[in-house]
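Reading through the structure tokens given below for one structure.
For the numbers below, each heavy atom of this structure counts, side chains included, while hydrogens, waters and symmetry mates do not. The model shown is predicted, which means the values in this text are computed figures rather than measured ones. First the proteins, then the strands, lettered A, B, ... as listed; each starts at 1.
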Amino acid sequence: MPHIVRLPVEHEQILATLQVFFSRILQQTQVDAMLAPVHLPMKHVVMPSLVADPGKMTGADPLSPSFPMNSAKLVSRLTRRSGRGRFAVVLRPCEIRAFVELVKLKQGRMDKVFIIGLDCLGAFSNTAYSKFAGECGRDATTRFCNHVLFGGRDALDGFDLASACRCCEHFVPHGADLHIQLYGGNVRKEILIRCESDQGSAMADALKLEEAADPQDRAMVVNDLLNVRKAARDRMYANTATVVDSIEKLTRYLADCVNCFNCRVACPVCYCRECVFMTDVFDHDPDRYLGWAERKGMVKMPTDTVFYHLTRMAHMSTACVGCGQCTNACPNDIPVVELFRLVAHRTQVAFDYPAGKDVGDRPPLAEFRESEYTEVVGL
Amino acid sequence: MKDFEPTVIAFVCNWCTYTAADLAGTSRLAYPPNVRLIRVMCTGMVDPQYVIKALLEGADGVLVSGCHPGDCHYINGNYKARRRIKLLKTILPQFGIEPERLCLTWIGASDGIHFAETMRKLVERLTVLGPGETKLKMVI
């Protein structure tokens, strides 16, 4: 351990091979149900679904560029309270990292869940995916998959990856029990699966999967993509930093915000049942609004927009994994993820805490030491 | 900016710094009236939100002040406060809020003189720094 096993691919049907693999897991192992992205029968849309019937796996589609929500929150629902079920969950790397954060925040448990991670091919924004799936129909996933793995890094027919994915360097999953490798080798012939835990190895044994070796070119392929992504990320950090470096500029950046709080609803690590911004604390009396308007001359309604975003940064920037669902959820196309990823990056550097890396780490604001950060004390 | 009088919001803990402020008062020590004290039971209850709100509403500086390390009435509240101030001093300067506008100090209950001195120094510093951007620009 870790060892590598192989899934032979017939007729270059990568997706069908994975569907059969998932249904075998349901049939031949102790797993009761699997949470995976599945095509809904009524529309070309892929949604995380909990599948108990192996026959339903024909709709599974973990390779689609659809990413309607971060499933970490769903895994939290499946594991936070005890039940009889044993779940396998198919997750993108950012979903695994978000779930790791939720486990640390006591919002889920690792022991009842078997994690299947995939090398992430990236995703489109919700609106772009909807258009792409509308144009390509049933071939959408195959076309996307072939383009990312064998085509190029340019946009596919004008459809580019979501902004969060374009600067994501965490496309290889960490913390999965089984890791389905897509980069390197030739996935048209065989898919290699790395067993990254004892549970994972036991599953591979139970399914009688053949041993294999890492393809020679994998390290190089992964490294090349890593360099591209890191360069894009650093450009994004630099650009974003300059457009928000004063309160006036930050206000301009957020000017389209209507306080719908969709970004916090979509955020996998904003776990509060009731956000303070939804409570009576912000249910101001008319006289308070009048007071503000009189004091300042005018006040934008609803109020507290910058306050909300800055507070959210203080509350979750230690745990942000940069999945981009905040941007996906914004009705007014504010590039939320760029701002939050930049701030989260700096917060996580300040506390030497990479979010989502290790379930054994303690969140920075959940612990303290007697002698530390003395530089922030004093005038 | 000769007429500029900075506004300071100070979150002070009941057991140490507030008591020190009380002592400064009963000892008739003079310190600038620019400071609005908000008594909290412990610096460990100062949510970063309070600090952000104060700064956005036009405070030129925010002070959080409590017991010395090891002296916290609730054992470790001041250590939690220190981490939160570290967090805020990481986040806020990215948006042009100078880190000098946010201060954390430890002032013990018997330190009335130190309290008055700290207030003088802080107000002096903020006077030099000038008004915060939030006072001059519209914040949504």
Side-chain angles (χ1 to χ4, degrees), chain A residues 240-241 244-257 259 276-277 281 292 295-315 317-318 339 342-344 346-351 364-379, chain B residues 44 47-58 61 63-66 68-70 72 76-97 99-100 102-107 117-122 124-126 132-140:
Chain A
T240 309
V244 295
D245 63 7
S246 68
I247 286 290
E248 188 181 22
K249 287 189 189 173
L250 177 67
T251 303
R252 191 179 306 142
Y253 196 90
L254 298 169
D256 292 316
C257 179
N259 293 27
V276 64
F277 283 87
V281 174
W292 287 325
R295 177 157 63 86
K296 299 175 182 177
M298 75 182 231
V299 63
K300 191 224 73 163
M301 301 270 283
T303 55
D304 300 315
T305 303
V306 171
F307 184 30
Y308 159 70
H309 288 285
L310 286 177
T311 302
R312 208 166 84 81
M313 283 170 201
H315 286 175
S317 67
T318 55
L339 176 60
L342 170 69
V343 173
R346 287 170 169 174
T347 300
Q348 291 170 21
V349 166
F351 287 99
L365 294 185
E367 65 165 3
F368 47 80
R369 295 195 181 78
E370 196 169 325
S371 303
E372 60 175 8
Y373 305 124
T374 47
E375 77 280 4
V376 303
V377 183
L379 284 193
Chain B
D47 192 305
Q49 209 184 348
Y50 303 167
V51 176
I52 295 169
K53 178 72 173 171
L55 289 170
L56 289 181
E57 284 297 316
L63 173 73
V64 177
S65 185
H68 285 273
C72 178
N76 52 35
N78 49 359
Y79 300 150
K80 295 172 185 167
R82 187 165 56 192
R83 285 218 167 198
R84 291 183 191 136
I85 296 294
K86 167 78 180 168
L87 175 71
L88 286 168
K89 278 183 179 275
T90 306
I91 293 177
L92 297 176
Q94 302 180 44
F95 309 112
I97 296 177
E100 297 81 21
L102 174 58
C103 303
L104 173 68
T105 59
W106 312 133
I107 300 174
E117 182 60 28
T118 302
M119 296 306 146
R120 277 196 292 273
K121 274 191 188 161
L122 181 56
E124 200 177 302
R125 174 204 284 185
L126 292 171
E133 199 191 351
T134 53
K135 218 173 207 172
L136 307 172
K137 297 276 163 54
M138 179 179 177
V139 178
I140 56 169

Structural part of A:R369 lying under 4.5 Å from a heavy atom of chain B
both
Which of the residues A:L365, A:T251, A:V377 is involved in the greatest number of heavy-atom pairs with chain B at under 4.5 angstrom?
A:V377
What part of B:I52 gets within 4.5 angstrom of chain A, counting heavy atoms only: side chain, backbone, both, or neither?
both
I'd like to verify something: which residue of A:C257, A:S246, A:A366 has the highest number of heavy-atom pairs under 4.5 Å with chain B?
A:S246
Applying a strict 4.5 Å limit to non-hydrogen atoms, the region of A:L310 in contact with chain B is both
Under a 4.0 Å N-O cut-off, is there an ion pair linking A:K296 with B:E57?
yes
Look up atom CG in A:L379 and atom CZ in B:R120, then write down how far apart they are to the nearest 0.5 Å.
12.0 Å
Distance in Å, B:R82 CZ paired with A:T374 OG1, rounded so as to fall on 0.5 Å steps:
7.5 Å
Of the non-hydrogen atoms in A:V244 and B:F95, which two are nearest, and what is the gap between them?
O-CD2, 3.2 Å
Does the side chain of B:Q94 reach to within under 4.5 Å of the side chain of A:L342, using non-hydrogen atoms?
yes
Give me the atom names and distance for the closest heavy-atom approach of B:K53 to A:W292.
NZ-CZ2, 4.3 Å
One should read off an interatomic distance between B:L87 CG and A:T347 OG1, to the nearest 0.5 angstrom, of 5.5 Å
Find out whether A:Y373 and B:K89 are in side-chain contact, i.e. whether some heavy atom of one side chain is under 4.5 Å from a heavy atom of the other.
no
Does any backbone or side-chain atom of A:Y308 lie under 4.5 Å from a heavy atom of chain B? Answer side chain, backbone, both or neither.
neither
So what's closer than 4.5 Å to chain B heavy atoms on A:S317: side chain, backbone, both or neither?
side chain
A:V349 and B:T90, any side-chain heavy atoms less than 4.5 Å apart
no
Smallest heavy-atom separation, A:I247 atom then B:E133 atom, equals N-OE1, 2.8 Å
Region of B:K137 in contact with chain A, defined by heavy-atom distances below 4.5 Å
side chain
Heavy-atom pair with the smallest gap, counting every atom of A:V376 and B:L104:
O-CB, 3.8 Å
Go through the atoms of A:T303 and report whether side chain, backbone, both or neither lie under 4.5 Å from a heavy atom of chain B.
neither
Highest number of heavy-atom pairs under 4.5 Å with chain A among B:I107, B:N78, B:D47, B:L55 belongs to B:D47
Given that the side chain runs from C-beta out, which part of A:V276 has a heavy atom under 4.5 Å from chain B: side chain, backbone, both or neither?
side chain
For the atom pair CD (A:E370) and CG (B:N76), what is the distance rounded to the nearest 0.5 Å?
10.5 Å
Between B:L88, B:T118, B:T134, B:L92, which shows the greatest number of heavy-atom pairs under 4.5 Å with chain A?
B:T118
Scanning both residues in full, the closest heavy-atom pair of A:L254 with B:I140 reads O-CD1, 3.6 Å
What part of A:P364 lies closer than 4.5 angstrom to a heavy atom of chain B: side chain, backbone, both or neither?
both
For A:E372, which atoms come within 4.5 Å of any heavy atom of chain B: side chain, backbone, both, or neither?
both
Winner by heavy-atom pair count (cut-off under 4.5 Å) against chain B, out of A:M298, A:E367, A:E375:
A:E367
Contact origin within A:Y253 toward chain B - heavy atom pairs under 4.5 Å:
neither
